[in-house]
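Working notes, beginning with the structure itself.
Both ligands and their constituent atoms are indexed starting at 1 by order of listing. Model, not experiment: these values are computed from the prediction.
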Amino acid sequence: MAHIVLPPRWQARENDVTSEHTYRNRRQFIEELGLGVIGMAALGAMGCSMTSFGPLDTIPDNAPREGYPAARNEAFSVPERAVTGRIYASSYNNFYEFDGASKEIWPLTEPYEPFPMTIRVRGLVEKRRTFDVAELIRTMDLEERLYRFRCVEAWAMTVPWTGFPLSKLIERCKPLSRATHVRFVSVNRPNQMEGIRKQHWYPWPYYEALRMEEAMNELAFVVTGMYGEPLPKQNGSPLRLALPWKYGYKGPKAIVRIEFTDQQPGTFWNDLQPLEYGFLSNVNPNIPHPRWSQATETLLETDERVPTQIFNGYDEWVSALYPGEPRRPGRPLAR
Ligand code: MTE
């Protein structure tokens, strides 16, 4: 999505902006990263007071550590693919609050302090309440789930997330029965997030939403960690969503507000580019993005190109929610 920049800056040619381009850069970036770390180690050996710092060192020191690593829930497996290497999943990110043009987010997260953080629960609820995120994480039963992850830009990975079902959090929020949708808002800290300061054309803070039956689906997962440890900052610390049957942008990072409503709320990318990013945004090879095909995807780390699966391979969990989802190759979203 690095290419999603609003006019008047929307000038790029397709070749400049497609996922293919970012793929080529990704491998180069990882290689440079390796050299950088070795270089820093060499400086250290020469007596220079530099410590190496990398994408796996961005887990906040004060993140709760109880419950990690959590037991894997074997109901969710990804038999056809290898687990993506941890360094890849934490080196190649989308987190526009830090930068929208680059995937190299982790070095920009240094000023960001995810803890302490609170989540305010508002809208159609029995009673407004506020959760302290660290306390929430400590009181939930954590489990590990290996999920496919598919970005709308046609790159994909397989990640062992740690967390708890979104339905458990919603139960604690006590929404009224007339709530039809739930809206999530991400943290808005311009002083710690340079992308918010520099990209003033985006409608900060980041916001997303689900239908209630989507949010209550067994797959919908609140993520607090990955690869057996708390979340690195660039992956959405302190807490984000993983909705593996939807494109990655439906899963907001660093959530600070949950609101229940009786109308479909707007969402960040859908409000910006409705013909490119729908409200539902289920992974579907039959609905091409207006500027690229969604029929295949490239796996992070191996660069293997594989067919995209409907609902990202989670058909049996979610197909009943979407009787109208196209099952044959069709056209992009229409007005
Ligand atoms: N949440 C916030 N707050 N800001 C973002 O820019 N990017 C989304 C999603 N959640 C984003 C966000 C997009 S486009 C993707 S693909 C995933 O986060 C990326 O998650 P990852 O960096 O852990 O792979």
For Thr162 and Tyr68, the nearest pair of non-hydrogen atoms, with its separation, is CG2-CE2, 3.5 Å
Regarding Arg72 and Glu74, does a basic nitrogen lie under 4.0 Å from an acidic carboxylate oxygen? no
Tell me whether Arg81 is salt-bridged to Glu304, with the criterion being a basic N under 4.0 Å from an acidic carboxylate O. no
Under-4.0 Å heavy-atom contact with ligand 1, by part of Phe149 that carries it: side chain
Contact check, Met157 vs ligand 1, heavy-atom distance below 4.0 Å: yes
With a 4.0 Å heavy-atom cut-off (strictly under), which part of Tyr249 contacts ligand 1: side chain, backbone, both or neither? both
Within a distance under 4.0 Å of any heavy atom of Cys151, pick out the atoms of ligand 1 and give their elements. 16 (S)
Check this for me, if you would: do Arg138 and Asp132 make a salt bridge, where the nitrogen-to-carboxylate-oxygen distance has to be below 4.0 angstrom? no
Can you find an N or O of Asn93 that's nearer than 3.5 Å to an N or O of ligand 1? yes
Given side chains that start at C-beta, do those of Trp204 and Glu97 come closer than 4.5 Å, heavy atoms only? yes
Give yes or no for whether the N/O distance cutoff of 3.5 Å, strictly under, is met between Trp161 and ligand 1. no
So is Glu208 in contact with ligand 1, going by heavy-atom distances below 4.0 Å? no
Which donor-acceptor pairs under 3.5 Å do the side chains of residues 229-240 make with protein atoms, sequence neighbours left out?
| from | atom 1 | to | atom 2 | distance (Å) |
| --- | --- | --- | --- | --- |
| Glu229 | OE1 | Arg65 | NH1 | 2.8 |
| Glu229 | OE1 | Arg65 | NH2 | 3.4 |
| Glu229 | OE2 | Arg86 | NH1 | 3.3 |
| Glu229 | OE2 | Arg86 | NH2 | 2.5 |
| Lys233 | NZ | Thr109 | O | 3.0 |
| Lys233 | NZ | Glu110 | O | 3.3 |
| Lys233 | NZ | Tyr112 | O | 2.8 |
| Gln234 | OE1 | Thr58 | OG1 | 2.6 |
| Gln234 | NE2 | Pro55 | O | 2.8 |
| Gln234 | NE2 | Thr58 | OG1 | 3.3 |
| Gln234 | NE2 | Ser90 | O | 2.8 |
| Asn235 | OD1 | Ser90 | OG | 3.0 |
| Asn235 | ND2 | Ala89 | O | 3.0 |
| Arg240 | NH1 | Asn235 | O | 2.8 |

Do you see a donor-acceptor pair shorter than 3.5 Å between the side chains of Tyr322 and Glu214? yes
Option with minimal heavy-atom separation from atom 7 (N) of ligand 1, where the choices are Ile255, Asn94, Asn235: Asn94
Determine, for Arg257 against Glu259, whether the closest basic-nitrogen to carboxylate-oxygen distance falls under 4.0 angstrom. yes
Please list, in number order, the atoms of ligand 1 under 4.0 Å from a heavy atom of Ser186. 3 (N)
Does Pro252 come within less than 4.0 angstrom of ligand 1, counting non-hydrogen atoms of the residue? yes
Of all the heavy atoms in Ala254, does at least one lie under 4.0 Å from an atom in ligand 1? no
